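Report on the structure given below.
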Number of protein chains: 2
Amino acid sequence: MPQSATNQGGPAPAGTVGAATAVAWDGVADLLRAGGLRWTPQRRTLVDVLKEHEGHVTATELIARCRELDRTTTPSTVYRTLDVLEEFGLVAHGHGPDGREEYHVLPEQVHGHLYCSGCGATWEIRPETGAAIVDALAADLGFSVDLSHVTISGRCRGCHDSPTD
Amino acid sequence: MPQSATNQGGPAPAGTVGAATAVAWDGVADLLRAGGLRWTPQRRTLVDVLKEHEGHVTATELIARCRELDRTTTPSTVYRTLDVLEEFGLVAHGHGPDGREEYHVLPEQVHGHLYCSGCGATWEIRPETGAAIVDALAADLGFSVDLSHVTISGRCRGCHDSPTD
DNA sequence: CTCGCTATTGCAACTAATTGCGCTTGGGGC
DNA sequence: GCCCCAAGCGCAATTAGTTGCAATAGCGAG
């Protein structure tokens, strides 16, 4: 399997992340406290890591980075904190092509993902295309899709006819 | 979470399974041998289990059932056999909404799946609808989708406005 | 019927993710 | 500035799935 490049600058450009992003994270501490939750060093570490990881990350990667910043980090804490952050809409989780947990940091708009089994890259599905999918399924049997949780696999244009699989 | 009903008879009827199905399994032994592979008691057990499980099953369920028939069944063997059967197109694997392995027995036509986070039921995506999705993504960036590997979650018509989540 | 090659098996170790539980501690109240 | 107590933490055990490796056993050849 090739390196899992995260091809956001490609055919389907991801939402622009930048200044606005930092602001969102600044408020986390207060956001949590407002909900009766607490701001702990461990959560601070995870948020620090998330700040530098715009886009998509696997839970395992997050845990590894946290460990670099704080040697005492425990997996269970990271997973639990991610759950909390998800409730606040700061991250969204989905499952990669191999079924492993994958987190989308600061999902500015709901979007699905494409995974190329040829080169291992992932793309975001453009909103318009996503809408087409949602519409198709709504028409089919009144199903309202939760796009954020979707990862569709296949082969990108480049790998279309390569025999890598 | 409710029982995960497999709602094949619903809005999106699954392909009819029956007589033709049995035939497909009858040839497995020869099919394998023709490919230089072997027909072992363990594989026989798994195939026996698959015979009684038209539709969708999780890997765990298959392993459990194999254990009932043959107490000595090992998980690794089941997974490996499943891989082999997949290469012959006799089963197809995907990932359920929670990322767990899920196998589709004798997929007569490629199809994706819908999972309702409200009632836990799953539906198959109708071929026409699936085609619409494939087309949309092909148009987007020349991506050729592997529908069989897709599970999209959301809420079905019935659960549309229930607050179960 | 026996032999040998190699596909397969079973074990054991390992990764990813999840959960129950007792101890710790953030942070509002006094 | 000190107390309290539920939120949260770390640990350890559990489930699902995967992999390396040595021993086993299909099955075609002779």
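Every chain is numbered from 1 and lettered A, B, ... according to where its sequence line falls, protein lines coming before strand lines. This one's a predicted model, so the numbers in the text were calculated from it and none came from an experiment.
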Could you give the [atom1]-to-[atom2] distance, from [X] to [N], as a whole number of Å?
X	N	atom1	atom2	answer
A/Arg67	C/dT15	CZ	P	12 Å
A/Ile63	C/dT18	CD1	P	10 Å
B/His95	C/dA17	NE2	P	12 Å
A/Glu101	C/dT18	CD	C1'	10 Å
B/Asp70	C/dT8	CG	P	18 Å
A/Arg100	C/dT15	CZ	C1'	7 Å
A/Glu87	D/dA7	CD	P	13 Å
A/Leu62	C/dA17	CG	C1'	14 Å

Any A/Gln42 side-chain N or O less than 4.0 Å from OP1/OP2 of D/dG10: yes

Set out, line by line, the N/O atom pairs under 3.5 Å between protein and nucleotides 19-23 of chain D.
unit_1 : atom_1 : unit_2  : atom_2 : d
D/dG20 : O6     : B/Arg80 : NH1    : 3.3

Qualifying residues under salt bridge (charged side-chain N to carboxylate O under 4.0 Å, His left out), relative to A/Glu87, sequence neighbours excluded: none

With B/Asp83 via salt bridge (charged side-chain N to carboxylate O under 4.0 Å, His left out) - residues at least two apart: none

Contact pattern, 5' to 3', of nucleotides 25-30 of chain C - B, S or - by protein heavy atom under 4.0 Å: BBSS--

Ring centers of B/His56, B/His104 separated by less than 6.0 Å: yes

Residue list, side-chain hydrogen bond (donor to acceptor under 3.5 Å, both in side chains) with A/Glu52, at least two apart or on another chain: none

With sequence neighbours excluded, residues passing side-chain contact (heavy atoms from CB on, under 4.5 Å) with [X]:
X	value
A/Ser153	A/Tyr115, B/Asp146, B/His149
A/Arg44	A/Trp39, A/Asp48
B/Thr40	B/Arg38, B/Gln42, B/Arg43
A/Thr74	A/Ser76, A/Thr77

Touch class at under 4.0 angstrom, heavy-atom based, for A/Gly99 against every strand present: nothing

A/Cys116 side, atom SG; A/Trp123 side, atom CH2 - distance, nearest 0.5 Å: 5.0 Å

B/Asp98 or B/Thr77, whichever maps to the more 5' nucleotide of DNA chain C: B/Thr77

